Novice: 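Before we start, here is the structure in question, set down as C-alpha cells.
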Amino acid sequence: MCGRFALAAVSGFYSRFHVSNVDFRLDPRYNIAPTQTVPVIVNGGENKVVPMRWGLIPVWAKAEDIGDRLINARAETVATKPIFKRLLGSRRCIVPTTGFYEWKKEGSSKTPYYIRTKGEELFGLAGLYDRWRDKEGNETLSFTIITTEANSFMSKIHNRMPVILREEHEPFWLGKDALTEKQLRRVLSPYPSSGMRAHEVMKAVGNPKLDRPEVTRPLGKQS
DNA sequence: CCAGACGTTGTT
DNA sequence: GTCTGG
DNA sequence: CCAGACGTTGTT
DNA sequence: GTCTGG
C-alpha cells in the first residue's frame, strides 16, 4: 500500500506539473501521513495545485472521519467499488511526490525504505478526490492514492505499491475524458521495476511528527 | 419501492 | 487488542 | 503507514 | 451520489 510519502524541497515543481498557480506556497515535507493536507494537482482547463486532505471523504459522508482509513483505493477494483467508481470519470488527480515509504516485515521487525523512481526527482501518483461539505457548509477537498500489485522490484519490500504515473500518461490522467477499461488497465499498471530505486531509512521515520530531511536519507545497505 | 451500505491493509 | 491522531 | 492512547462509576 | 439487498 502507500501510507506515508514525501514532497521534499525541489526546484522545477511548477514546470514539471505544468501548473499555472505558481504562487502556491510549497512547504517541503519529508514525512506526510494520512489526514494531513498536502498539495495535489488537478485540471480545470489548466493544471492547478490545490491543498487536499489525505483520506477520501465521499460527498455523502456524514462525518469526515470516514476518510481516515480511505487512504488507498485498489486499482483492481476501483472501477467497480461504488465509493470510487463515480470519481473515475471526472475527479482524477495527481499526487506529487519525491518518494514514498514502505515497511518491510521480517518476522517481528519492520524496516522502512524510501522508494523513488530513477531519473527526475519528482513523480506523480495516481489519485482520486472528492468535495465534501460539513453541516456548516465548509468545504473539504480530500484524496486517495490508487495502489496496485507490487512489481518484482517492490515485491522484495512489500506486496503492494502506489500507482506511479508514467509522465506521458499524466495529461491524459488529469483530463476529464472517461477512460475505457483498457486505458485504465494500462495507466494503472505497476511502474516498471527497472525504473525504480530504494534505500533503507531510519526507523524513526515511523513517527509522523519527525518531518525532517534526515528521514529520507540512506541508512546502511542500499537495495 | 425503501433502507442501508459504500473502504484498504494486514493478520487471523 | 483496537481505536484515534498525525 | 506508525505511534500512542485507550475509562466508568461512585465516593472521597 | 449510487449500488445492493430485501
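Just so it is clear: chains get the letters A, B, ... in the order the sequence lines come, proteins before strands, and each one is counted from 1. Keep in mind it's a predicted model, so treat the numbers as computed, not measured.
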Novice: Using a cut-off of 4.0 Å on non-hydrogen atoms, how would the nucleic acid contact of Ala61(A) be classed: base, sugar-phosphate, or nothing?
Specialist: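 Touches nothing.
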Novice: Checking ring-ring contact (aromatic ring centres under 6.0 Å, His included) between Phe5(A) and each of Trp54(A), Tyr101(A), Phe100(A), Tyr30(A), which is the one that passes?
Specialist: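 The single option meeting the ring-ring contact (aromatic ring centres under 6.0 Å, His included) with Phe5(A) is Trp54(A).
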Novice: What does dC6(B) pair with, Watson-Crick or G-U, if both distances are under 3.5 Å?
Specialist: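 Pair assignment: dC6(B) / dG1(E).
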Novice: In whole angstrom, give me the gap between the P atoms of dC2(D) and dT12(B).
Specialist: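 So the two P atoms sit 14 Å from each other.
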Novice: Can you check the Ile145(A) CD1 to dG7(B) P distance for me, whole Å?
Specialist: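 Whole-Å distance recorded here is 18 Å.
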Novice: So if I take every side-chain heavy atom of Asn207(A) and compare against dG4(D), dG7(B), dC1(D), which nucleotide ends up nearest?
Specialist: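 Nearest nucleotide to the side chain: dG4(D).
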Novice: Side chains of Arg160(A) and Thr147(A): any donor to acceptor distance under 3.5 Å?
Specialist: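 Yes, because at least one side-chain N or O of Thr147(A) sits under 3.5 Å from a partner of the opposite role on Arg160(A).
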Novice: Between dC6(B) and Trp60(A), is there a base-stacking contact, meaning the centre of the base's six-membered ring lies under 5.5 Å from the residue's ring centre while the planes stay under 30° apart?
Specialist: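 Ring-base stacking flag set for Trp60(A) and dC6(B).
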Novice: In this structure, how many angstroms lie between the C1' atom of dC1(D) and the CG atom of Asp68(A), rounded?
Specialist: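 The distance from CG of Asp68(A) to C1' of dC1(D) comes to 13 Å, rounded to the nearest Å.
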Novice: With a 4.0 Å limit, can you tell me whether Lys81(A) has a side-chain N or O closer than that to the phosphate oxygens OP1/OP2 of dT8(B)?
Specialist: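 Affirmative; the distance criterion is met.
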Novice: I need the CG-P distance between Leu87(A) and dC3(E), as an integer number of Å.
Specialist: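 Between P of dC3(E) and CG of Leu87(A): 12 Å.
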Novice: Are any of the side-chain nitrogens in Asp27(A) or Arg25(A) under 4.0 Å away from the carboxylate oxygens of its partner?
Specialist: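 Yes, this pair counts.
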Novice: Rounded to the nearest angstrom, tell me the gap between atom CD1 in Ile66(A) and atom C1' in dT2(E).
Specialist: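 In whole Å, dT2(E) C1' and Ile66(A) CD1 are 14 Å from each other.
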Novice: Begin from the C-alpha positions of Gln183(A) and Thr180(A) and carry the test side-chain hydrogen bond (donor to acceptor under 3.5 Å, both in side chains) through to its verdict.
Specialist: CA-CA 5 Å; Gln183(A) 288 171 322; Thr180(A) 66; 3.3 Å; yes
Novice: Taking the side chain of Arg160(A) as heavy atoms from C-beta outward, which of dC1(D), dG10(B), dT2(E) is closest to it?
Specialist: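 Looking only at heavy atoms from C-beta outward on Arg160(A), the closest nucleotide is dG10(B).
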Novice: Would you measure the distance from the P atom in dT11(B) across to the matching atom in dA3(D) and give it in whole Å?
Specialist: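 Pairwise P distance, dT11(B) against dA3(D), rounds to 15 Å.
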Novice: Rounded to whole angstrom, note down the P distance from dG7(B) over to dG6(C).
Specialist: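 After rounding to an integer number of Å, I get 26 Å for this pair.
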Novice: Less than 4.5 Å apart, side chain to side chain, heavy atoms only: is that true for Leu210(A) and Val205(A)?
Specialist: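 Sidechains of Val205(A) and Leu210(A): no contact.
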Novice: Taking the side chain as every heavy atom from C-beta outward, state whether Leu165(A) and Val187(A) have any atom pair closer than 4.5 Å.
Specialist: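 When only atoms from C-beta onward are counted, Val187(A) and Leu165(A) do touch, with a gap below 4.5 Å.
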Novice: Can you tell me how far CE of Met161(A) sits from CD1 of Ile146(A), rounded to the nearest 0.5 angstrom?
Specialist: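 One finds 13.0 Å between CD1 of Ile146(A) and CE of Met161(A).
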Novice: Please report, rounded to the nearest Å, how far the P atom of dG1(E) is from the CZ atom of Arg91(A).
Specialist: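 So the two atoms are 12 Å apart, to the nearest Å.
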Novice: With respect to the side chain of Ile83(A), which nucleotide from dC1(D), dA3(D), dG7(B) is positioned closest?
Specialist: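 Comparing dC1(D), dA3(D), dG7(B) against the side chain of Ile83(A), the answer is dG7(B).
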Novice: At less than 4.0 Å, is any side-chain N or O atom of Asn72(A) found next to OP1 or OP2 of dG7(B)? Yes or no.
Specialist: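 Checking Asn72(A) against dG7(B): no side-chain N or O falls below 4.0 Å of OP1 or OP2.
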Novice: Nearest-Å distance, CD1 (Ile32(A)) to C1' (dC2(D))?
Specialist: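 These atoms are roughly 15 Å apart.
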Novice: Of the nucleotides dA3(D), dT8(B), dG7(B), which one has an atom closest to the side chain of Thr147(A)?
Specialist: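 So the side chain of Thr147(A) is nearest to dT8(B).
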Novice: Taking the P atom in each of dA5(B) and dT8(D), what is the distance between them to the nearest angstrom?
Specialist: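 Their P atoms lie roughly 25 Å apart.
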Novice: Using atom C1' in both nucleotides, what's the gap between dC1(D) and dG10(B) to the nearest angstrom?
Specialist: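 Rounded to whole Å, the distance is 12 Å.
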Novice: Atom CZ of Arg29(A) and atom P of dC1(D): how far apart are they, to the nearest Å?
Specialist: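 Value for this atom pair: 19 Å.
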Novice: Between Lys110(A) and dC2(D), does any side-chain N or O lie under 4.0 Å from OP1 or OP2?
Specialist: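 Yes, because at least one side-chain N or O of Lys110(A) sits under 4.0 Å from OP1 or OP2 of dC2(D).
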Novice: Does a side-chain N or O from Lys105(A) land closer than 4.0 Å to OP1 or OP2 of dT11(B), or not?
Specialist: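 Yes, such a contact exists.
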Novice: Base, sugar-phosphate, or nothing for Phe5(A), non-hydrogen atoms under 4.0 angstrom?
Specialist: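 Since no nucleic acid heavy atom lies under 4.0 Å of Phe5(A), the category is nothing.
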Novice: Less than 4.0 angstrom between a side-chain N/O of Thr35(A) and OP1 or OP2 of dC1(D), yes or no?
Specialist: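 No, no such contact exists.
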Novice: Have a look at Arg69(A) and say if it touches a base, only the backbone sugar-phosphate, or nothing, with a 4.0 Å heavy-atom cut-off.
Specialist: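 Answer is base: heavy atoms of Arg69(A) come under 4.0 Å of a base.
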Novice: For Asn159(A), which contact category applies under a 4.0 Å heavy-atom criterion: base, sugar-phosphate, or nothing?
Specialist: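 It contacts sugar-phosphate atoms only.
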Novice: Grab the CD1-C1' distance between Ile71(A) and dT4(C) for me, whole Å please.
Specialist: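 Checked: the CD1 to C1' distance equals 14 Å.
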